[in-house]
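Ligands are counted one by one from 1 in listed order, and the atoms in each one are counted from 1 as well. Computed from a predicted model, the values in this text were never measured in an experiment.
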Amino acid sequence: MTVMTTRITIRKPDDWHLHVRDGEMLKAVLPFTAKNFGRAILMPNLIPPVRTTADCIAYRQRVMAALPQGSNFKPLMTCYLTDDTDPDDVERGFRDGVFTGVKLYPANATTNSAAGVTDYNKVMRVLERMEKIDMPFLMHGEDTDPEVDIFDREKAFIDRYLSKWIRQFPKLRFILEHLSSKDGADYVKSAAPQVGGTITAYHMMLTRNDWFGHGLKPYMYVMPVIKTARDRTALRKAATSGEACYFLGTDSAPHPYARKVSTNGVPGMFNAPVAIETYAQVFEEEGALDRLEAFASLNGPKHYRLPPNDETITLEKTSWTAPEEVKVAGPDERALVYRGGETIAWKVAG
Ligand code: DOR
Ligand code: ZN
């Protein structure tokens with residue numbers, strides 16, 4: 001006889017890859033993450049990007065000011081790597097507890113990445129310093145060579161760059177963010193524990209057939225792009241395997257409606273309102289609810305060498321309807337929500 005689990009309590013999860021933006025958008029979206037997550041790694045791809053310790057201190061203050069009263073959510077900040085990043089400033093920011101890691105955006109790989117790295121030779125000094133001070137290196141791991149097909153960008157980045165860097169910097173800790181392919185998931189396991197990888201819920205839920213197989217769904221356009229059923233299966237198996245190298249990173253990335261639904265739409269999917277609930281669904285479908293806590297709350301802190309959260313959250317098998325959109329004050333107006341209008345099977349209690 002199988003007994004259906006209807007309630008599960010886990011240590012409070014962390015989100016190891018999140019965009020909360022700035023200004024009115026920040027105020028509108030941050031509470032969704034602060035409600036269920038203890039900490040989140042905040043992406044630095046603002047306009048202008050968070051490039052220095054000084055930029056980061058100012059951004060962190062704006063984030064703290066946008067938190068709901070009484071919240072003890074902790075933002076973990078990142079430094080946006082450019083061709084000109086100063087290793088001394090990175091080191092200072094890390095030692096002072098301002099930066100948790102440095103984030104690589106290859107130039108023009110995705111949203112707000114125009115100031116990203118154009119030539120990897122220019123940042124080798126920063127990587128050397130990070131290795132020396134044991135500071136994590138977060139990567140948008142896609143090769144932007146125009147000759148590389150968009151579905152092969154993750155694999156090309158691994159083959160051409162990451163596989164060399166892990167030998168060049170044997171003590172540097174890497175995070176290949178938002179794994180989107182079987183190749184990416186397999187690579188992380190082969191290079192663990194030096195390399196860890198985050199996985200979004202939507203890369204485990206969707207395939208490119210969902211994205212443009214029956215009408216085009218602009219809100220499913222993300223970077224790295226959603227791939228095949230084979231890739232999705234590999235990511236689901238990886239996340240639910242219990243392997244310590246895989247951990248939760250939603251890549252929740254809100255945009256104003258008009259920029260998403262446009263003739264030249266931007267990548268990014270706002271999923272914070274349904275994040276932990278959607279991961280719970282995937283783990284339930286894979287018969288692995290007992291491994292949700294490792295993926296959501298333990299493996300990430302282990303890789304980042306931080307203690308797990310002391311608090312817990314409880315998820316219940318109670319259905320509710322996700323909001324279609326979230327209102328944003330001012331000219332941005334609203335952001336579309338992933339799974340908006342759908343019935344969500346799990347709900348966070350309390
Ligand atoms: O889909 C994405 N959106 N991928 C990224 O790498 C960036 C993000 C954003 O900032 O909107
Ligand atoms: Zn992202």
Side-chain angles (χ1 to χ4, degrees), residues 14-23 25-26 28-30 32-33 37 40-51 59 63 75-81 100-117 136-144 150-151 153-154 157 175-181 184 196-206 208 210-212 217-227 235 247-262 264-272 275 300 326 328 332 335-338:
D14 300 302
D15 185 346
W16 299 98
H17 183 128
L18 175 69
H19 303 261
V20 291
R21 315 301 191 198
D22 211 343
M25 187 65 94
L26 167 64
V29 304
L30 182 62
F32 291 99
T33 297
F37 292 84
I41 287 270
L42 300 191
M43 289 298 126
N45 63 331
L46 309 181
I47 305 173
V50 180
R51 277 181 270 214
Y59 183 41
V63 171
L76 303 174
M77 312 304 288
T78 53
C79 172
Y80 185 114
L81 185 62
T100 296
V102 170
K103 170 70 189 255
L104 165 68
Y105 284 104
N108 302 316
T110 184
T111 308
N112 303 348
S113 61
V117 178
F137 185 43
L138 295 70
M139 299 167 296
H140 183 108
E142 290 199 285
D143 187 355
T144 51
I150 192 163
F151 284 92
R153 282 177 169 188
E154 191 165 271
F157 178 84
I175 301 99
L176 189 54
E177 304 195 289
H178 40 55
L179 293 171
S180 65
S181 63
T198 63
I199 305 180
T200 74
Y202 59 75
H203 282 108
M204 296 195 282
M205 293 284 284
L206 303 171
R208 59 192 184 186
D210 299 305
W211 173 18
F212 51 73
K217 311 290 190 311
Y219 81 89
M220 292 187 191
Y221 174 50
V222 292
M223 289 286 185
V225 292
I226 287 164
K227 298 187 170 65
L235 294 166
F247 36 95
L248 186 156
T250 64
D251 204 0
S252 182
H255 289 284
Y257 180 91
R259 297 204 61 210
K260 276 298 304 169
V261 184
S262 154
N264 192 3
V266 281
M269 201 194 284
F270 176 42
N271 64 80
V326 165
V328 182
D332 286 344
L336 279 179
V337 176
Y338 170 48

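A distance limit of 4.0 angstrom between heavy atoms and ligand 1 selects the residues H19, R21, N45, T110, T111, H140, V222, M223, D251, A253, H255, P267, G268.
The aromatic rings of W211 and F151 sit tilted, their planes meeting at an angle between 30° and 60°.
Remark: P256 pairs with M25, R259, D332 by the side chain to side chain contact (heavy atoms under 4.5 Å, CB included) rule, at least two apart or across chains. Applying the side-chain hydrogen bond (donor to acceptor under 3.5 Å, both in side chains) test to E142 and every residue at least two apart in sequence or in another chain returns H140.
Looking at I175 and F247, their side chains come closer than 4.5 Å, going by heavy atoms from C-beta outward. Residues L138 and H17 fail the side-chain proximity criterion, which asks for heavy atoms closer than 4.5 Å.
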E154 and K227: salt bridge (Lys or Arg N to Asp or Glu O under 4.0 Å), yes or no, with the steps? CA-CA 11 Å; E154 191 165 271; K227 298 187 170 65; 5.2 Å; no
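Checked against L26 for a side chain to side chain contact (heavy atoms under 4.5 Å, CB included), the options L42, V328, V63 give a single hit: V63.
At a cut-off of 3.5 Å, with distance as the only test, a side-chain donor of T250 or D15 sits close to an acceptor on the other residue.
Minimum heavy-atom separation, L206 to D210: CA-OD2, 3.4 Å.
Shown are the protein N/O/S atoms under 2.8 Å from the Zn ion (ligand 2), given by residue and atom: H17 NE2, H19 NE2, D251 OD1.
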